[in-house]
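Only one structure is covered here, and it is reproduced in the block below.
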Amino acid sequence: MPELPEVEVVRNGLQPAVTGATIESVEVLDERSLKRHDGPAEDFVERLTGAQLRGAVRRGKFLWLPIERVGDAPAEALVAHLGMSGQVLLREPQAEAAPLTRIRFALAHPVHGPLRVDFVDQRIFGSMAVDALLPTRDGAAAGFGLPLASIPSQVAHIARDPLDPAFDERAFLRRLAAKRTTIKRALLDQTLVSGIGNIYADEALWAARVHYDQPTESLSRPRARALLDEVRIVLRRALDEGGTSFDAQYVNVNGASGYFSRSLRAYGQQGTPCARCGRLIVREQFMNRGSHFCPRCQRIRRVRSSTA
DNA sequence: AGCGAGCCCTGCGCGC
DNA sequence: TGCGCGCAGGGCTCGC
């Protein structure tokens, strides 16, 4: 659910609270939220208790907090993925656990004092884990938030996201053209480009007037580049508006909703007129979820690209 | 390679 | 009021 903008809003809110803070205690209320952790809950708790947090980093929809034990460079990180319904909430130290809280942390910050971080997740598709940090292959910073060129092992296969300064646009376009699949599938493939989910895929495709089932091999390079531009535009705009909230499921670290749902042009807009041409937006089943598009503006084009 | 299906889960809104 | 169904911002694994 949370896509790049929503995860970035969380990272941004978390950063000042966790940077330099020490984890005093960890409480695992539901072990299912540790499914990505390689080891029992006791191990998770033990590796985090007393550790110091260096900051908050994000690549695509993955978020992690590098940790260090006195003096050493970070070798491990607390990794979080929000899945469909995960939240990270900053709370007062004495606050009661909100419903569906799965993991709680008590932090001590040298400036802000004691504070609590709650990982809340209705569907438990999200998870937390302590994971080893590995050097990035290209030597660049692993993600947004810290100039640290190491990445959790379980995030290493995730491509850089299109807002990352080290995102290799030429390599992306080359790989996209070489794929034998359709365009929405490719946009959702986190090993090709990360951070895009069902909402922003539909929004970017609408903006670029590309049909979701357009074969990637038939997408000309200029159109592919234009689509990538639209992806960036929609991600940035959503970020500026605090992300997309439909209900209390997605909120920032303080429990507040984002406003981008008012700006959606395709996602969830079935039955309403296309903002460009007035034709009604339709919803079709695709990859076991909905695809929303304008049947007039977004048609499959049988135009071959010039590549041989 | 790529793709569909199945799996991990809970809760909401809807129609009957 | 109650129940069953379909729906939901994701991702991993398996077998074809």
Side-chain angles (χ1 to χ4, degrees), chain A residues 1-11 29-38 58-63 79-88 98-102 119-129 152-159 161 175-205 212-213 215-217 231 234-235 237-239 241-252 257-264 266-271 283-292:
Chain A
M1 81 128 265
E3 306 179 32
L4 186 153
E6 292 76 33
V7 180
E8 176 54 27
V9 167
V10 170
R11 190 209 63 78
L29 305 180
D30 194 326
E31 296 204 18
R32 293 175 298 176
S33 290
L34 294 182
K35 64 185 168 198
R36 292 171 146 267
H37 181 76
D38 185 19
R58 179 195 53 74
R59 175 186 288 201
K61 307 172 194 173
F62 279 84
L63 178 65
V79 182
H81 194 288
L82 303 180
M84 292 283 266
S85 55
Q87 307 174 349
V88 181
L100 308 174
T101 300
R102 312 295 182 184
F119 180 67
V120 178
D121 189 7
Q122 179 198 110
R123 296 178 70 184
I124 322 184
F125 285 0
S127 63
M128 286 190 149
S153 72
Q154 57 185 253
V155 190
H157 68 294
I158 299 294
D161 61 64
R175 285 184 65 197
L176 183 69
K179 275 202 166 287
R180 290 292 173 270
T181 186
T182 53
I183 188 60
K184 185 170 174 183
R185 231 175 252 290
L187 289 179
L188 296 177
D189 178 353
Q190 306 294 302
T191 68
L192 181 66
V193 54
S194 70
I196 306 163
N198 207 32
I199 295 180
Y200 301 114
D202 282 1
E203 292 301 309
L205 289 166
Y212 70 87
D213 222 9
T216 48
E217 62 195 6
V231 165
V234 73
L235 292 179
R237 283 189 53 214
L239 189 48
E241 294 181 42
T244 301
S245 301
F246 300 119
D247 49 36
Q249 280 298 327
Y250 163 69
V251 292
N252 68 14
S257 295
Y259 292 93
F260 195 70
S261 60
R262 304 170 190 192
S263 307
L264 297 176
Y267 187 86
Q269 303 306 303
Q270 61 273 27
R283 176 187 188 278
E284 285 180 6
Q285 200 74 16
F286 178 71
M287 290 175 78
N288 271 332
R289 27 175 62 175
S291 255
H292 314 75

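Side-chain atoms are counted along with the backbone in the values below, which use heavy atoms only and exclude waters and symmetry mates. Throughout, protein chains are lettered first and strands after them, A, B, ... in sequence-line order, and every chain is numbered starting at 1.
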Interatomic distance, A:Glu217 CD vs B:dG2 P [rounded to whole Å]: 11 Å
Among A:Tyr212, A:Tyr200, A:Phe246, exactly one meets ring-ring contact (aromatic ring centres under 6.0 Å, His included) together with A:Tyr267. Which residue is that? A:Phe246
How close do A:Glu3 and A:Gly197 get, counting heavy atoms only, and between which atoms? OE1-N, 2.6 Å
Tell me whether the side-chain N/O atoms of A:His81 come closer than 4.0 Å to OP1 or OP2 in C:dG11. yes
With respect to the phosphate group of C:dC12, does any side-chain polar atom (N or O) of A:Arg36 fall under 4.0 Å of OP1 or OP2? yes
Side-chain atoms of A:Arg283 come closest, of C:dG11, B:dT10, C:dC7, to C:dC7
Before accepting this row, confirm whether a basic side-chain N of the pair A:Lys179/A:Glu217 lies closer than 4.0 Å to the acidic partner's carboxylate O. no
Which nucleotide in the list B:dC8, C:dA8, B:dG2 gets nearest to the side chain of A:Lys35? B:dC8
Please figure out whether A:Ala178 or A:Asn288 has its closest DNA chain B nucleotide nearer the 5' end. A:Ala178
To the side chain of A:Thr181, which of C:dG11, C:dA8, B:dG2 is closest? B:dG2
A:Met84 side chain, from C-beta outward: closest of B:dT10, B:dC3, C:dG10: C:dG10
Grab the CG-P distance between A:Asp202 and C:dG10 for me, whole Å please. 10 Å
Candidate nucleotides C:dG11, B:dG11, B:dG4, ranked by approach to the side chain of A:Lys61 - the nearest: C:dG11
Determine the Euclidean distance between corresponding P atoms of B:dC9 and C:dC3; express it in Å to zero decimal places. 24 Å
Heavy-atom closest pair, residues A:Asp121 and A:Arg102: O-NE, 2.8 Å
Determine yes or no for a side-chain-to-main-chain donor-acceptor pair under 3.5 angstrom, with A:Gln87 supplying the side chain and A:Ala248 the backbone. yes
For a quick check of understanding: with a heavy-atom distance under 4.0 Å over all strands, which category does A:Tyr267 fall into, base, sugar-phosphate or nothing? sugar-phosphate
Without decimals, in angstroms, what is the distance between A:Met287 CE and C:dG11 P? 10 Å
Kindly indicate, with the supporting measurements, whether the criterion salt bridge (charged side-chain N to carboxylate O under 4.0 Å, His left out) is fulfilled by A:Asp161 and A:Lys61. CA-CA 9 Å; A:Asp161 61 64; A:Lys61 307 172 194 173; over 6 Å; no
Among residues 120-129 of chain A, which ones have heavy-atom contacts with DNA chain B below 4.0 Å? A:Gln122, A:Arg123, A:Phe125
Taking C:dC12, C:dG10, B:dC9 as options, the one with an atom nearest any side-chain atom of A:Glu3 is C:dG10
Rounded to whole Å, the CZ-P distance (A:Phe62 to C:dG11) equals 6 Å
Think A:Arg185 has a side-chain N or O under 4.0 angstrom from the OP1 or OP2 of B:dG4? yes
Using a 4.0 Å heavy-atom cut-off across all strands, classify A:Leu188 as base, sugar-phosphate, or nothing. nothing
With the side chain of A:Gln285 defined as its heavy atoms from C-beta on, choose the nearest nucleotide among C:dG11, C:dG10, C:dC7. C:dC7
What stems, by residue range, does DNA chain C take part in, given at least 3 consecutive Watson-Crick or G-U pairs under 3.5 Å? B:2-8 with C:10-16, B:10-16 with C:2-8
Using a distance-only test with no angle check, is there a side-chain donor-acceptor pair under 3.5 angstrom linking A:Lys184 and A:Ser291? yes
Heavy-atom closest contact (A:Val88 atom, A:Val10 atom, distance): CB-CG1, 4.0 Å
Might you point out which heavy atoms bring A:Ser257 and A:Asp247 nearest each other, and give the distance in Å? OG-O, 4.3 Å
Nearest whole Å is fine: how far is B:dC8 P from A:His37 NE2? 22 Å
Before you tell me yes or no, could you show the steps for A:Asp30 and A:Ile124 under side-chain contact (heavy atoms from CB on, under 4.5 Å), namely the whole-Å CA-CA distance, both residues' side-chain angles and the distance that decides it to 0.1 Å? CA-CA 9 Å; A:Asp30 194 326; A:Ile124 322 184; 3.9 Å; yes
Which part of the nucleic acid, if any, lies within contact of A:Arg289, taking any heavy atom under 4.0 Å across all strands shown: a base, the sugar-phosphate backbone alone, or nothing? base
Could you check how far CG of A:Asp38 sits from C1' of C:dC12, rounded to whole Å? 16 Å
Under 4.0 Å: is that the gap between some side-chain N or O of A:Arg32 and OP1 or OP2 of B:dT10? yes
A:Phe286 has an atom CZ; how far is it from atom P of B:dG4, in whole Å? 7 Å
With rounding to the closest Å, how many angstrom separate the C1' atoms on C:dT1 and B:dT10? 22 Å
If you check every side-chain atom of A:Gln190, which of C:dG11, C:dC7, C:dG10 has the closest atom? C:dG11
Using a cut-off of less than 4.0 Å, is there contact between a side-chain N or O of A:Lys179 and OP1 or OP2 of B:dG2? yes
Between the side chain of A:Gln190 and the main-chain N/O of A:Gly195, is any donor-acceptor distance below 3.5 Å? yes
Starting at CG of A:Leu176 and ending at P of B:dA1, how long is that distance when rounded to a whole Å? 17 Å
